[in-house]
Amino acid sequence: MGAAVTDEELSAISDSLRAWQLGESSDGSHLMEAARHYAVSIGDPEFVAAVRLFIVEEQRHGANLGRFLDLAGVPRARSNWGDSLFRTIRYAIPRMETWVTPVVMVETHALIYYNALRRATRSPVLRAICGQILADEVTHIRFQCERIAILHRTRPAWLRLLTINFQKLIFAGVTLAIWAGHRKALRAGGYDLARFWRTGWRKMNRAWRAMSPERYRFAGPPLVRRPDCTVLPMKAPQPRR
Ligand SMILES: [Fe+2]
Ligand SMILES: [Fe+2]
C-alpha cells in the first residue's frame with residue numbers, strides 16, 4: 001500500500017510532520033541514564049523497565065512516521081529548531097521532574113496535533129498511524145502525571161502551587177511555540193489559534209489534576225484501591241539520603 005496522500009495534503013502537513021517524526025525518534029539514551037539514577041535513588045528498579053517500554057513506543061511512533069514519509073517521497077528531517085529547544089529544556093537540569101514536565105506538555109499537544117493530522121488527510125496509512133499514536137499518548141500522559149504526583153508527594157502545598165504556576169508559564173510558551181511551528185498542519189486539521197489554545201489548556205488542566213498527589217493512595221504492598229482514586233503501580237519515592 002502506498003502513502004495515498006495528495007499533493008495538496010502534503011503541502012499542508014509535510015514540514016510539520018518531518019519535525020514531529022524527528023522528535024519521536026530520540027534514542028532515549030539520556031532518559032535511560034536519568035531513569036537508572038532515579039530508580040536507584042528511590043529503590044524502584046522496575047521504573048527503568050517502564051521507561052524502556054515508554055521509549056520503545058516513542059521509537060515506534062518515529063519509525064512509523066518515518067516509513068510514511070519515505071512512502072510519500074518526503075525526505076526525513078535531520079534537525080529542527082523545536083526539537084532542539086525541547087531537548088535543551090529536558091537536558092537543562094538532570095532531574096526526573098525536569099524531564100517529565102516538558103514531556104507531558106508536548107504529549108498533551110500531541111493529542112491535538114495527531115487528531116488534527118488525522119483530519120487533514122484521507123491517507124489510510126497516515127490516519128492509522130495517528131490513531132495508534134493517539135492511543136499510546138493517552139497512557140504516556142497518565143504515566144508522566146503519576147510520576148509527577150509521586151515527585152510532588154512530599155512537597156509542601158504552597159511549593160506545589162508555585163511549581164504548577166511556573167509550569168503554566170512554560171506551557172503558555174510551549175503552546176505558542178508549537179503553534180508557530182505547526183500552524184499550517186493544525187489549520188488543515190481544523191484548529192485556528194483560539195481553538196488550539198483553548199483545547200490545549202483544557203487538556204493540560206486535566207493533566208494538572210492528574211498530577212495532584214491527593215488523587216492517589218500511596219502504599220507499599222498490598223496496594224489498596226479507593227473507589228475515587230487511581231492505584232499507583234510503582235513504589236513511592238524515599239527521601240534522598
Ligand atoms: Fe509519541
Ligand atoms: Fe508519548
Side-chain angles (χ1 to χ4, degrees), residues 13-32 34-35 38 47-70 76-77 79-80 82-87 89-91 96-121 123 125-151 167 170-171 174-175 177-178 181-182 185-186 189 191 196 199-200 203-204 206-208 210-211 230 233-234:
I13 64 174
S14 61
D15 287 347
S16 164
L17 194 51
R18 292 173 76 223
W20 277 88
Q21 191 274 332
L22 182 68
E24 301 267 17
S25 305
S26 168
D27 70 1
S29 55
H30 278 87
L31 172 58
M32 279 309 296
Y38 173 74
F47 181 69
V48 177
V51 168
R52 189 172 289 119
L53 290 172
F54 165 78
I55 291 171
V56 167
E57 288 195 350
E58 291 300 353
Q59 289 174 339
R60 183 177 62 182
H61 300 168
N64 288 346
L65 291 172
R67 268 185 234 121
F68 174 79
L69 288 174
D70 297 345
R76 300 190 189 195
S79 68
N80 172 264
D83 180 60
S84 304
L85 180 68
F86 182 48
R87 281 172 204 263
I89 293 170
R90 273 183 300 168
Y91 304 158
M96 192 46 62
E97 186 168 356
T98 322
W99 179 85
V100 174
T101 304
V103 169
V104 74
M105 291 178 185
V106 170
E107 291 189 319
T108 294
H109 279 310
L111 291 180
I112 304 173
Y113 178 76
Y114 288 108
N115 184 42
L117 198 59
R118 194 165 54 173
R119 293 161 55 155
T121 180
S123 160
V125 180
L126 185 54
R127 287 170 63 88
I129 293 172
C130 290
Q132 172 70 67
I133 294 177
L134 284 167
D136 288 347
E137 297 300 358
V138 169
T139 49
H140 289 181
I141 290 170
R142 204 179 118 210
F143 178 56
Q144 322 301 355
C145 289
E146 286 179 356
R147 184 53 41 186
I148 292 178
I150 291 171
L151 291 164
Q167 286 184 13
I170 304 279
F171 185 70
V174 168
T175 303
I178 290 179
H182 302 281
L186 288 163
Y191 288 87
F196 177 64
T199 312
K203 288 182 185 299
M204 195 62 209
R206 198 175 302 147
W208 275 314
M211 291 174 196
T230 308
M234 293 167 223

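Small disclaimer: the values here were computed from a predicted structure and weren't measured. As the structure lists them, so they are numbered: ligands from 1, and atoms in each ligand from 1.
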Enquirer: Could you grab the distance from atom CZ of Arg52 to atom CD of Glu57, nearest 0.5 Å is fine?
Expert: 14.0 Å
Enquirer: Can you name the side chain to side chain donor-acceptor pair (under 3.5 Å) partners of Asp15, sequence neighbours left out?
Expert: none
Enquirer: Which residues pass the ring pair (Phe, Tyr, Trp, His ring centres under 6.0 Å) test with His182, sequence neighbours left out?
Expert: Trp20, Tyr113
Enquirer: Would you name the N/O/S atom of Glu58 that lies closest to the Fe ion (ligand 2)?
Expert: OE2
Enquirer: If you consider just the N/O/S atoms, which atom of His61 is the closest one to the Fe ion (ligand 1)?
Expert: ND1
Enquirer: Has the side chain of Arg118 got a donor or acceptor atom that lies under 3.5 Å from a matching backbone atom of Arg127?
Expert: no
Enquirer: Given atoms OE2 of Glu107 and OE1 of Glu137, what angle do they subtend at the Fe ion (ligand 2), to the nearest 10 degrees?
Expert: 100°
Enquirer: Closest to the Fe ion (ligand 2), which N/O/S atom of His140 is it?
Expert: ND1
Enquirer: Is there a donor-acceptor contact under 3.5 Å linking the side chains of Arg147 and Tyr38?
Expert: yes
Enquirer: Do you know which N/O/S atom name in Glu24 is closest to the Fe ion (ligand 1)?
Expert: OE1
